[in-house]
Amino acid sequence: MRKIFVTMLLSVLMLLSCINTVLAAGTTTSAETITSVTAAGNSISSAESVSMDKQYSGSITASQTSAYYKFKLSKSGTVNLNSMASIEKICYELLDSNGTSMWNSTATKNNSLGVVSFNQDLCLTSGTYYVVLKQTDSYTGNYQFTLSFTSANESFAETPGGTNNTMGTAPDISFAEDYIGQLAINDNCDYYKLTVPTSGQIDLSITWKTPHIYYGIYTPEGERLWYNSNVMDGGFWGNGGDNNHTMHVVAGTYYFGVEGDPGNYNFLLTFSSAKESFKENNTGTNDNTLLDANKISLGKTYRGQIASNDNIDFYQFTVPKKMTVKVKATAERSLDFEVYNNNGTSLMKAGNYTTVDKKLDLEAGTYYFSVDGNYPYNTGDYSFSIYEYKLDTPVLKAVKNSSTGMTITWKSVTDAAGYKIYRKNSGSWSEVGSVSGINTTSYTDTTVKSGKTYTYTVAAFNPDLISNYNTKGLSLKYLSMPTVTLTNSSKGIIVSWKKVAGASGYYVDCKISGKWKTVKTIKDSDVKSYTYTKVKNGSSYSFRVRAFSGKAVSAASSTTKAIRVTGVSMKTPKNVAYQRLELNWEKNSKAAGYEIQYGTSKSFKGASTRRYSGANSTSCVITGLTKGKTYYVRVRVYTADSSGKWYYSAWSSAKSIKITK
């Protein structure tokens with residue numbers, strides 16, 4: 001580290017020696033990088049014009065106590081002043097075009113380096129300026145400096161001293177567009193004008209590169225509606241930052257103002273409508289008193305917004321008869337909700353709530369409902385409804401057969417805590433069950449019997465009330481779910497089921513291309529099977545059966561799957577040797593194997609069974625048979641699915657042979 005430091009120090013001393021040599025000789029070592037000034041101007045009128053990104057040098061002497069340099073900016077941006085001087089102390093100053101001081105700083109020699117090293121960013125608008133290097137405490141010596149410029153790329157070009165420094169000169173801006181601005185030494189305030197079409201929410205996203213910034217939203221009268229206390233109250237110190245903010249306003253014209261220390265910033269404003277049920281005027285005063293209250297109806301839901309410049313809304317409603325009403329409201333932030341009579345007397349108040357659910361007993365008459373922000377920052381959207389507190393009669397949707405019984409469904413009822421289910425076979429209604437929860441809107445009666453017709457209805461209830469019910473109800477015959485089996489036959493797959501009590505027929509469904517399709521409608525309740533012939537050897541098929549009687553249709557049977565296995569024919573067996581016979585049969589290329597049955601009974605009672613695996617196993621020899629007896633033989637094909645379930649073809653026609661050897 002010591003070697004590096006010594007090397008750096010020697011380099012600086014060599015540079016200073018070079019500067020002194022150049023100044024003494026009055027020539028430049030590089031025309032592109034260093035311009036020697038033998039006698040810089042000592043006043044504005046004699047200031048030397050300089051360009052960006054070029055190096056200039058000079059001396060502070062007893063006779064030359066100040067050096068003036070003039071530069072021009074065609075647009076706003078940041079000028080970087082980078083200087084080094086072999087002097088104990090030196091003052092840098094910036095003047096405007098009139099010679100008024102805008103900024104100054106005194107730099108002292110770095111004892112470790114032996115020189116003054118100075119670097120400063122100066123944010124400025126377009127215009128003419130002067131950089132002055134001045135003697136301090138009679139110290140003299142040589143200096144060099146360079147000016148460089150970076151454009152602010154402002155969305156709205158600033159003229160000298162700033163263009164949008166007041167609301168009157170604020171440019172119009174739009175929502176959902178990015179804007180770039182700069183706070184300068186000679187322009188520390190910017191205003192932007194925006195138009196809000198309806199009541200709604202403004203969202204601000206802002207970033208900055210400045211030690212201290214504060215900003216807010218203002219009315220045309222200059223009233224500040226909103227600011228961020230972390231920024232406006234005392235400021236946010238540092239090299240920069242970013243923030244996101246939300247505010248609510250009524251329709252109208254507003255101004256976004258930015259102030260602070262020099263530096264760049266950019267911002268984006270977006271807007272979303274409050275979608276209020278009643279449009280607010282530009283001042284938000286059309287519903288701020290009982291006299292201006294919006295008229296509403298019982299049983300409807302309304303939307304509104306509490307804004308920074310509209311912190312109360314009034315609504316008027318009429319109660320046609322003595323009744324209990326329910327006030328329900330939800331809000332984005334905590335608000336005050338209140339009900340008044342026609343004389344302005346408060347009957348109900350819910351203070352600092354985001355949700356309200358209150359009952360109120362009212363006589364016939366006119367009443368008022370208010371929503372109040374109660375605090376400047378409690379703003380945001382809200383919705384509410386005022387309605388007669390009663391339980392409506394549930395609207396019945398359907399009754400249908402299910403796998404476990406009869407299921408009835410209905411629409412939910414506001415304020416219900418649950419529902420009671422009633423059933424009628426003949427005569428009066430009787431309760432068969434109940435469910436809890438406003439959104440539990442179905443019930444299955446498992447005590448039903450297939451073939452009988454049942455009628456159902458529903459009543460809503462809560463701790464205070466029980467509703468009426470539909471006295472007609474919904475009726476349907478209950479049909480139990482069929483039980484289905486599948487069997488391969490010589491012609492196809494046989495779908496068979498147990499008879500369902502009360503059914504007049506059955507639907508046989510097959511899943512084709514992933515969708516259920518009814519392949520047969522049977523209108524005879526005594527028919528309990530159907531052979532599906534559109535099958536292909538080795539392919540899998542799924543079936544279900546539904547019983548029906550008039551409009552009543554049972555739940556579909558559990559899905560049953562089978563693999564089509566085509567049977568094979570068998571050649572006549574031969575008694576080829578002592579007590580043995582030889583069998584041959586056709587090949588089934590989709591077979592997992594074959595099963596052989598043989599015995600002395602035509603019905604194959606007590607018959608023996610042998611399995612031969614592999615599609616190519618198409619022959620076998622059976623030994624140990626009894627001479628003089630006649631044997632009956634048959635064959636069938638078997639295969640299995642991925643789960644290991646076995647499927648069989650129909651048996652072949654039986655063949656007989658007498659063992660003579």
Side-chain angles (χ1 to χ4, degrees), residues 72-78 96-98 100 102-103 122-129 151-208 210 212-228 231-233 235 243 245-271 280-285 307-310 376:
K72 293 183 179 181
L73 299 179
S74 61
K75 55 186 175 181
S76 298
T78 301
D96 65 14
S97 60
N98 297 318
T100 303
M102 301 171 62
W103 163 88
L122 304 169
C123 294
L124 301 168
T125 64
S126 61
T128 300
Y129 300 94
S151 173
N153 293 319
E154 290 183 301
S155 299
F156 301 97
E158 302 263 20
T159 57
T163 301
N164 56 341
N165 294 4
T166 66
M167 292 183 186
T169 58
D172 291 316
I173 60 173
S174 301
F175 290 111
E177 288 191 23
D178 285 300
Y179 292 96
I180 299 173
Q182 175 185 262
L183 297 175
I185 295 173
N186 54 339
D187 177 29
N188 69 342
C189 180
D190 290 335
Y191 282 94
Y192 302 89
K193 182 180 179 181
L194 60 147
T195 300
V196 177
T198 64
S199 296
Q201 175 177 305
I202 296 175
D203 290 292
L204 165 68
S205 176
I206 184 169
T207 61
W208 62 87
T210 172
H212 185 198
I213 191 171
Y214 40 100
Y215 44 85
I217 300 288
Y218 301 83
T219 67
E221 294 73 32
E223 177 189 0
R224 186 176 66 192
L225 296 179
W226 164 88
Y227 65 90
N228 184 308
V231 177
M232 296 290 286
D233 270 351
N243 259 319
H245 308 280
T246 295
M247 70 170 299
H248 301 86
V249 296
V250 296
T253 299
Y254 298 91
Y255 294 87
F256 176 58
V258 184
E259 294 183 67
D261 291 334
N264 295 338
Y265 64 88
N266 65 280
F267 68 92
L268 171 72
L269 292 168
T270 57
F271 175 78
E280 301 270 12
N281 59 27
N282 285 7
T283 57
T285 58
S308 296
N309 52 342
D310 177 31

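What's counted below: heavy atoms across the whole structure, side chains too, no hydrogens, waters or symmetry copies. Since the model is a prediction, treat every value here as computed from it, not as a measurement.
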Donor-acceptor pair, side chain of Ser308 and main chain of Val249, under 3.5 angstrom: no

Spacing of Tyr255 atom OH and Glu221 atom CD [to the nearest 0.5 Å]: 9.0 Å

Rounded to the nearest 0.5 Å, how far does OG1 of Thr270 lie from CG of Asp203? 4.0 Å

Taking it one step at a time, do Thr198 and Glu280 satisfy side-chain contact (heavy atoms from CB on, under 4.5 Å)? CA-CA 8 Å; Thr198 64; Glu280 301 270 12; over 6 Å; no

For Asp261, is there any backbone N or O sitting under 3.5 Å from a side-chain donor or acceptor partner on Thr210? yes

Is it the case that the side chains of Asp190 and Tyr179 hold a donor-acceptor pair, with the cut-off being a distance below 3.5 Å and no angle test? no

So how far is it from Asn266 CG to Asp178 CG, rounded to the nearest 0.5 Å? 6.5 Å

Spatial distance of atom CG (Asp172) from atom OG1 (Thr195) [nearest 0.5 Å]: 6.0 Å

Should the pair Tyr265 and Phe267 be assigned to parallel (<30°), tilted (30 to 60°) or perpendicular (>60°) ring geometry? parallel

Is there a side-chain contact between Ile217 and Leu204, using heavy atoms and a 4.5 Å cut-off? no

Closest non-hydrogen atom pair between Leu183 and Ile213, with its separation: CD1-CG1, 4.4 Å

Looking only at non-hydrogen atoms, find the nearest pair between Asn186 and Cys123 and report the distance. OD1-O, 4.3 Å

Mark yes or no for whether Gln182, through its side chain, and Leu124, through its backbone, hold a donor-acceptor pair below 3.5 Å. yes

Is there a donor-acceptor pair closer than 3.5 Å between any side-chain N or O of Thr100 and the backbone N or O of Asp96? no

Which heavy atom of His248 sits nearest to which heavy atom of Asn309, and what is that distance? O-OD1, 4.3 Å

Phe256 side, atom CZ; Leu194 side, atom CG - distance, nearest 0.5 Å: 9.0 Å

Specify whether Tyr215 and Trp226 have parallel, tilted or perpendicular ring planes, treating 30° as the upper limit for parallel and 60° as the lower limit for perpendicular. tilted

Could you grab the distance from atom OG1 of Thr128 to atom CG of Asn98, nearest 0.5 Å is fine? 10.0 Å

Looking at every heavy atom in both Ile180 and Tyr192, which two are closest together, and how far apart are they? O-OH, 4.5 Å

Nearest heavy-atom neighbours spanning Thr125 and Gly162: CG2-N, 3.7 Å

Side-chain (Asn188) to main-chain (Glu259) donor-acceptor, under 3.5 angstrom: no

Among Asn165, Thr159, Thr166, the one residue meeting side-chain hydrogen bond (donor to acceptor under 3.5 Å, both in side chains) with Thr163: Thr159

Trace of the side-chain hydrogen bond (donor to acceptor under 3.5 Å, both in side chains) decision for Glu154 with Ser76: CA-CA 7 Å; Glu154 290 183 301; Ser76 298; 3.1 Å; yes

Ala251 and Pro197: which non-hydrogen atoms are nearest, and at how many Å? CB-O, 3.5 Å

